[in-house]
Amino acid sequence: KARGRGRWEVFTPPMAETVEEKRRIEQDLRRALDTGGELRLEYQPIFATDGRTVAGAEALVRWEHPERGRLAPDVFIGVAEERGLIERLGEWVLEEACRMLARTTIPWVAVNVSPVELRSRRFVDRVIEQLRQLGIDPARLQLEITEGVLLDTSEATEAGLTRLRTAGIRLALDDFGTGYSSLNYLRRYNVDKLKIDRSFVGQLGQSSDAEVIVRTIIDLARSLNMKVTAEGVATEQQRDYLVARGCHELQGYLLSQPLPLEAFLEFTGIAA
Ligand code: C2E
Ligand code: CA
Ligand code: CA
Ligand code: CA
C-alpha cells in the first residue's frame with residue numbers, strides 16, 4: 001500500500017485486536033471525549049462530475065492522541081462501538097458538523113453514523129433537535145449508513161430511519177456493493193444516495209468485473225431516482241470512466257484529501 005506522507009493511513013497501526021489494546025483505546029477515548037480537545041473533524045470535498053463544483057463534503061473524525069499521534073478512525077470506531085462509547089462520539093461528531101453547517105454556506109455535509117447509534121432513540125431525537133435549534137435546513141444533513149443497517153429489521157432501527165426521513169434528513173448508503181442490500185429496502189426507506197465502495201472504483205481499468213459492478217450500481221441508482229457518488233477516485237482514468245457512465249458525484253484523493261475546516265473553506269472557496 002504505497003501512500004503519500006501526511007495521509008492518515010501512514011500512521012495507522014493494525015486494527016485494535018488484543019484485549020489490552022482495546023482497553024487502552026477505550027480509556028484514552030473516554031478522556032478525549034471528556035476534554036474534547038483531541039478530537040476534530042476533517043472535511044473531504046465531494047464534487048459534481050464537472051470536477052469543479054463542490055457539491056458538499058463528508059465529515060471524517062480524527063483523533064490527535066497526545067502520545068501516539070494521529071489515530072485513524074478504523075482503529076478506534078470499532079472499539080467505541082464495542083465499549084459503548086459510540087453514542088458519545090457520534091454526538092460530538094454531529095454537533096461539530098452542525099456547527100459547520102450553521103456557520104458556512106456549504107450545500108450539505110455527510111456524517112457517518114454507526115448502526116448502534118441508529119437504534120438509539122436519544123440519538124435520533126438529538127439529530128432532529130440540533131438542526132432545529134441551529135435553524136439548519138434538515139436537507140443539508142446527510143447521514144451515511146451502511147447496508148447492514150437496512151437489514152436490521154428491529155423496530156428501533158426502522159422507527160429511527162423513518163423519523164429521520166420524515167424530518168427531511170437525507171440518507172446515503174455507504175460502501176455500496178460490499179454488503180447485502182435488498183433492493184426492497186432502498187425503496188422502503190427512501191434512500192437518497194448510493195456511494196460506490198472504493199474497492200470497486202479502485203479497480204476500474206484493471207478488472208472488467210469491477211467495471212460491470214460500477215456501471216450496474218450507477219444504472220440502478222439512476223433508475224431509482226437516487227444520486228450516486230463514487231468514493232476513492234484516485235486517477236483520471238477512473239474519473240473519466242465514472243463521468244462517462246453518468247455518476248453524479250466524485251470523491252477521492254484525485255480531487256482532494258480530507259481537510260481541516262479552515263483549509264477546506266480556503267480550498268473550496270465556500271464562505272464562512
Ligand atoms: P468511509 O465512510 O468509507 O470514509 C471514506 C474513507 O476513505 C476515509 O477514510 C477517507 O479518508 C478515505 N478516502 C477518501 N478518498 C480516498 C482515496 O482516493 N483513496 C483511498 N484509499 N481512501 C480514500 P478515514 O477517514 O480513515 O475513515 C475510515 C472509516 O472510518 C470511514 O470509512 C468510516 O467508516 C469511519 N468513520 C470516519 N469518521 C467517522 C465518524 O465520524 N463516525 C463513524 N461512525 N464512523 C466514521
Ligand atoms: Ca462514509
Ligand atoms: Ca465509504
Ligand atoms: Ca467504510
Participant: Can you tell me if Tyr43 uses its side chain to pair, donor with acceptor, with the backbone of Gly56 under 3.5 Å?
Facilitator: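 Flag not set: sc Tyr43 to bb Gly56 has no pair under 3.5 Å.
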
Participant: With heavy-atom distances below 4.5 Å as the criterion, would you say the side chains of Ile217 and Phe176 are in contact?
Facilitator: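 They are in contact (side-chain heavy atoms under 4.5 Å apart), so the answer is yes.
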
Participant: Using atom types as modelled and distance alone, determine if a side-chain donor or acceptor of Gln238 lies under 3.5 Å from a backbone N or O of Thr235.
Facilitator: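 Flag set: sc Gln238 to bb Thr235 pair under 3.5 Å.
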
Participant: Would a distance-only check, ignoring hydrogens and angles, find a side-chain to backbone donor-acceptor pair under 3.5 Å from Glu211 to Gly205?
Facilitator: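 The answer is yes, because a donor-acceptor pair under 3.5 Å joins these two groups.
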
Participant: Donor-acceptor check, side chain of Glu117 to backbone of Ser114, threshold 3.5 angstrom: yes or no?
Facilitator: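 Here the side-chain-to-backbone pair exists.
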
Participant: Say whether Leu204 and Val212 are linked into one hydrophobic cluster, either directly or through other cluster members, by side-chain heavy-atom distances under 4.5 angstrom.
Facilitator: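 Different clusters: Leu204 never reaches Val212 through Ile, Leu, Val, Met, Phe, Trp or Tyr contacts under 4.5 Å.
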
Participant: Just to verify, which of Lys22, Arg24, Arg30 counts as forming a salt bridge (charged side-chain N to carboxylate O under 4.0 Å, His left out) with Glu26?
Facilitator: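 Among Lys22, Arg24, Arg30, the one meeting salt bridge (charged side-chain N to carboxylate O under 4.0 Å, His left out) with Glu26 is Arg30.
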
Participant: Within the 4.5 Å heavy-atom criterion, are Asp34 and Arg88 side-chain neighbours or not?
Facilitator: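 Yes, close enough: below the 4.5 Å cut-off.
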
Participant: How many angstroms lie between atom CG of Leu29 and atom CD of Glu38, to the nearest 0.5 angstrom?
Facilitator: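 Reported to 0.5 Å precision, the distance equals 9.0 Å.
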
Participant: Apply side-chain contact (heavy atoms from CB on, under 4.5 Å) to Ile128 and Gln133, showing your working.
Facilitator: CA-CA 9 Å; Ile128 295 170; Gln133 269 180 13; over 6 Å; no

Participant: Nearest heavy-atom pair of Val201 and Gly232: which atoms, and what distance?
Facilitator: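 What the structure gives for the nearest pair is CG1-O, 3.8 Å.
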
Participant: Applying salt bridge (Lys or Arg N to Asp or Glu O under 4.0 Å) to Glu81 and Arg119, what does each step give before you reach the verdict?
Facilitator: CA-CA 12 Å; Glu81 284 176 340; Arg119 267 180 247 132; over 6 Å; no

Participant: Regarding Gln44 and Gln257, do their side chains bring together a donor and an acceptor under 3.5 Å, going by distance alone?
Facilitator: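 Note: Gln44 and Gln257 side chains miss the donor-acceptor criterion.
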
Participant: Quick one: are Ile46 and Thr229 in side-chain contact, heavy atoms under 4.5 Å?
Facilitator: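 Heavy-atom side-chain distance check passes, below 4.5 Å.
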
Participant: Counting neighbours of CZ on Arg31 that are heavy atoms of other residues, nucleotides or ligands and sit closer than 6.0 Å, is the number greater than 12?
Facilitator: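 Count over threshold, so yes.
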
Participant: How far apart are the closest heavy atoms of Gly177 and Glu147, and which atoms are they?
Facilitator: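 It is N-OE2, 3.3 Å.
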
Participant: In Å and rounded to the nearest 0.5 Å, what is the OG1 to CZ distance from Thr49 to Arg239?
Facilitator: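 Answer rounded to 0.5 Å: 11.0 Å.
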
Participant: Using a strict cut-off of less than 4.0 Å between a Lys/Arg side-chain nitrogen and an Asp/Glu carboxylate oxygen, indicate whether Glu96 and Arg99 qualify as a salt bridge.
Facilitator: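 A salt bridge links Glu96 with Arg99.
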
Participant: Within the 3.5 Å criterion, strictly below it, is a donor on Asp209 or Gln203 matched to an acceptor on the partner's side chain?
Facilitator: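 No donor-acceptor contact under 3.5 Å links the two side chains.
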
Participant: Using modelled atom types and a 3.5 Å cut-off, is there a donor and acceptor pairing between side-chain atoms of Asp197 and backbone atoms of Phe200?
Facilitator: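 Pair absent, no side-chain N/O of Asp197 close to backbone of Phe200.
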
Participant: Can you tell if the side chain of Val113 reaches within under 4.5 Å of the side chain of Glu144, non-hydrogen atoms only?
Facilitator: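 Of all side-chain heavy-atom pairs linking Glu144 with Val113, none is under 4.5 Å.
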
Participant: Grab the two heavy atoms, one from Leu134 and one from Cys98, that are nearest each other, plus how far apart they are.
Facilitator: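 Looks like CD1-CB, 3.7 Å.
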
Participant: Verify the cluster assignment for Leu71 and Val93: are they in a single hydrophobic cluster under the rule of side-chain heavy atoms below 4.5 Å apart?
Facilitator: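 In one cluster with Leu71: Val93, yes.
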
Participant: Ignoring hydrogens, what is the shortest heavy-atom contact between Ala97 and Val111? Give both atom names and the distance.
Facilitator: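 Minimum heavy-atom contact is CB-CG2, 3.6 Å.
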
Participant: Less than 4.0 Å between a side-chain N and a carboxylate O, is that true for Lys193 and Glu249?
Facilitator: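 The answer is yes: the pair qualifies as a salt bridge.
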
Participant: Is Phe267 reachable from Leu255 through a run of I, L, V, M, F, W or Y residues, each pair having side-chain heavy atoms under 4.5 Å apart?
Facilitator: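 Hydrophobic grouping puts Leu255 with Phe267.
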
Participant: Kindly compute the distance separating CG (Leu150) from OG1 (Thr157), expressed to the nearest 0.5 Å.
Facilitator: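 If I round to the nearest 0.5 Å, the distance is 9.5 Å.
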
Participant: Any link between Leu151 and Leu186 through a network of hydrophobic side chains (Ile, Leu, Val, Met, Phe, Trp, Tyr) touching at under 4.5 Å?
Facilitator: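 Yes, same cluster.
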
Participant: Salt bridge check: are Asp28 and Arg23 linked by an N-O gap of less than 4.0 Å?
Facilitator: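 No, this pair does not count.
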
Participant: Considering only heavy atoms from C-beta outward, does the side chain of Ile106 approach that of Phe264 to under 4.5 Å?
Facilitator: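 Yes - at least one pair of side-chain heavy atoms lies under 4.5 Å apart.
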
Participant: Look up atom SG in Cys247 and atom CD1 in Ile196, then write down how far apart they are to the nearest 0.5 Å.
Facilitator: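 Rounded to the nearest 0.5 Å, the SG-CD1 separation comes to 4.5 Å.
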
Participant: Got a sec: does the CD of Glu155 have more than 12 other heavy atoms crowding it under 6.0 Å?
Facilitator: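 12 or below, so no.
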
Participant: Do Pro115 and Asp152 have side chains that get closer than 4.5 Å, going by heavy atoms?
Facilitator: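 Contact flag for Pro115/Asp152 side chains = no.
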
Participant: Going by side chain to side chain donor-acceptor pair (under 3.5 Å), name the residues that satisfy it together with Ser223, two or more places apart in sequence or in a different chain.
Facilitator: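 Applying side chain to side chain donor-acceptor pair (under 3.5 Å) to Ser223 gives none.
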
Participant: What distance do Glu231 atom CD and Gln251 atom CD have between them, rounded to the nearest 0.5 Å?
Facilitator: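 Between atom CD of Glu231 and atom CD of Gln251 there are 6.0 Å.
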
Participant: Could you pull out every donor-acceptor pair under 3.5 Å between side chains of residues 159-173 and any protein atom, sequence neighbours left out?
Facilitator:
{"from": "Thr162", "atom 1": "OG1", "to": "Glu158", "atom 2": "O", "distance (Å)": "2.7"}
{"from": "Arg163", "atom 1": "NH1", "to": "Asp125", "atom 2": "OD1", "distance (Å)": "3.0"}
{"from": "Arg163", "atom 1": "NH2", "to": "Asp125", "atom 2": "OD1", "distance (Å)": "2.7"}
{"from": "Arg165", "atom 1": "NE", "to": "Tyr189", "atom 2": "O", "distance (Å)": "3.4"}
{"from": "Arg165", "atom 1": "NE", "to": "Asn190", "atom 2": "O", "distance (Å)": "3.1"}
{"from": "Arg165", "atom 1": "NH1", "to": "Ile169", "atom 2": "O", "distance (Å)": "2.9"}
{"from": "Arg165", "atom 1": "NH1", "to": "Asp192", "atom 2": "OD2", "distance (Å)": "3.3"}
{"from": "Arg165", "atom 1": "NH2", "to": "Asn190", "atom 2": "O", "distance (Å)": "3.3"}
{"from": "Arg165", "atom 1": "NH2", "to": "Asp192", "atom 2": "OD1", "distance (Å)": "3.4"}
{"from": "Thr166", "atom 1": "OG1", "to": "Thr162", "atom 2": "O", "distance (Å)": "2.6"}

Participant: Taking it one step at a time, do Val61 and Ile77 satisfy side-chain contact (heavy atoms from CB on, under 4.5 Å)?
Facilitator: CA-CA 9 Å; Val61 69; Ile77 296 285; 4.2 Å; yes

Participant: For a 4.5 angstrom cut-off between non-hydrogen side-chain atoms, does Asp137 reach Leu131?
Facilitator: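 No, every pair of side-chain atoms sits at 4.5 Å or beyond.
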
Participant: So does Arg70 get a backbone contact from the side chain of His65, meaning a donor-acceptor N/O pair under 3.5 Å?
Facilitator: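 Looks like no, no N/O pair under 3.5 Å.
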
Participant: Is the side chain of Trp108 donor-acceptor paired with the backbone N or O of Ala57 at a distance under 3.5 Å, no angle test?
Facilitator: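 Checking the backbone N and O of Ala57 against the side chain of Trp108, no donor-acceptor pair under 3.5 Å is found.
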
Participant: Please test Asp174 against Ile145 for side-chain contact (heavy atoms from CB on, under 4.5 Å), starting from the C-alpha separation and ending with a verdict.
Facilitator: CA-CA 6 Å; Asp174 208 353; Ile145 60 177; over 6 Å; no

Participant: Between Val109 and Met100, does the side-chain contact (heavy atoms from CB on, under 4.5 Å) criterion hold? Intermediate values first, please.
Facilitator: CA-CA 9 Å; Val109 168; Met100 141 73 150; 4.1 Å; yes

Participant: Counting C-beta onward and ignoring hydrogens, is there a side-chain heavy-atom pair between Arg126 and Phe123 closer than 4.5 Å?
Facilitator: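 A side-chain contact is absent here, since even the closest heavy-atom pair is not under 4.5 Å.
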
Participant: Would you name the heavy atoms of Val54 and Pro45 that are closest together and state the gap between them?
Facilitator: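 Smallest interatomic distance, heavy atoms only, reads CG1-CB, 4.4 Å.
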
Participant: Under 3.5 Å, is there a donor-acceptor pair between the side chain of Arg121 and the main chain of Ala156?
Facilitator: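 It does not hold such a pair.
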
Participant: Has Glu266 got more than 12 heavy atoms of other residues, nucleotides or ligands less than 6.0 Å from its CD?
Facilitator: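 Not more than 12 within 6.0 Å, no.
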
Participant: Check Pro107 against Arg140 and note the closest heavy-atom contact, atom names and distance.
Facilitator: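 Taking Pro107 first and Arg140 second, the nearest heavy atoms are O-CG, 3.1 Å.
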
Participant: Do the side chains of Ile213 and Met226 join up, straight or via other hydrophobic residues, at under 4.5 Å, putting them in one cluster?
Facilitator: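 Hydrophobic grouping puts Ile213 with Met226.
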
Participant: To the nearest 0.5 Å, what is the distance between CG on Leu194 and CZ on Arg222?
Facilitator: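 Between Leu194 CG and Arg222 CZ, I get 12.5 Å after rounding to 0.5 Å.
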
Participant: Do Glu87 and Ser120 get their side chains close enough for a donor-acceptor pair, meaning under 3.5 Å?
Facilitator: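 Glu87 vs Ser120: donor-acceptor pair found between side chains.
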
Participant: For Asp219 and Thr216, does a side-chain donor sit closer than 3.5 Å to a side-chain acceptor?
Facilitator: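 Checked: Asp219/Thr216 side chains show no N/O donor-acceptor pair below 3.5 Å.
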
